[in-house]
Amino acid sequence: MNIFTEVTAGIKVSVETFYQPTHSTPGFGQYVFAYRITITNDSEYNVQLKKRHWHIIGSDNSHREVEGEGVVGEQPFIAPGETYRYVSGCNLNTEIGKMYGTYLMERVTDHKLFFVKIPEFKMVVPSRLN
């Protein structure tokens, strides 16, 4: 299992991906992946995740962007030393793709906004690795 990690301003973001064969329909070019994000606050500040911005790219060079408030319907507060985890998903029209992006975070003490990188991670149907 691959884990992709990026650290920005003391905020560590790690991603694990999982192919979802029971939700995919390869004969129709539909491939579904789940990903688990772990956000660890190694800074000295309380932070809140305000927004997300994703780039989703298929192996056919298709590109789409997704933006929105928070993640999975939440705008979590993460105290120093704490971790927040969530699972979400992505559908692709190709067997291989990648995602990357940013979170917009806010330091609670002074309301300073800053971006945290979400590492680029690959989504690959396991049979493509053989």
| query | Where is the tightest heavy-atom contact between Pro80 and Asn46, given as atom of each residue plus distance? | reply | CD-OD1, 3.2 Å

| query | Between Ser43 and Tyr45, is there a donor-acceptor pair closer than 3.5 Å when you use the side chain of the first and the backbone of the second? | reply | yes

| said: For a quick test of reading the model, state the closest non-hydrogen atom pair linking Lys122 to Thr17 and the distance between them. | reply: O-OG1, 3.4 Å

| message | Looking at Gln48 and Gln75, would you say the former's side chain and the latter's main chain have a donor-acceptor pair under 3.5 Å? | response | yes

| message | By the salt bridge (Lys or Arg N to Asp or Glu O under 4.0 Å) test, which pairs, at least two apart or in different chains, include something from residues 86-98? | response | Glu95-Arg128, Lys98-Glu120

| task | Would you name the heavy atoms of Val124 and Tyr19 that are closest together and state the gap between them? | result | O-CB, 4.4 Å

| remark: When every non-hydrogen atom of Arg52 is compared with those of Gly70, the smallest separation belongs to NH1-O, 2.9 Å

| task | Kindly give the heavy-atom pair with the smallest separation between Cys90 and Arg64, and that separation in Å. | result | SG-NH2, 3.8 Å

| Would you say the side-chain atoms of Asn91 pair up with the backbone N or O of Tyr31, donor to acceptor, closer than 3.5 Å? | no

| query | Are Met105 and Lys50 side-chain neighbours, meaning at least one heavy-atom pair lies under 4.5 Å? | reply | no

| message | For residues 69-98, which residue pairs pass the ring-ring contact (aromatic ring centres under 6.0 Å, His included) check, not counting sequence neighbours? | response | none

| task | Keeping the roles fixed (side chain from Thr40, backbone from Asp42), state whether a donor-acceptor pair exists under 3.5 Å. | result | no

| message | Can you confirm whether or not the ring centre of Phe121 sits under 6.0 Å from the ring centre of Tyr35? | response | yes

| message | Between Leu104 and Ile37, is there shared hydrophobic-cluster membership here, with clusters defined by ILVMFWY side-chain heavy atoms closer than 4.5 Å? | response | no

| Can you list the residues that meet the side chain to side chain donor-acceptor pair (under 3.5 Å) rule with Asn93, with sequence neighbours excluded? | none

| task | Check the pair Thr38 / Ser14 against side-chain hydrogen bond (donor to acceptor under 3.5 Å, both in side chains), numbers first and verdict last. | result | CA-CA 5 Å; Thr38 302; Ser14 297; 6.0 Å; no

| task | Could you tell me whether the side chain of Thr8 and the main chain of Lys117 form a donor-acceptor pair under 3.5 Å? | result | yes

| said: Could you report the tightest heavy-atom contact between Thr94 and Gly58, atom names first, then the distance? | reply: OG1-CA, 3.6 Å

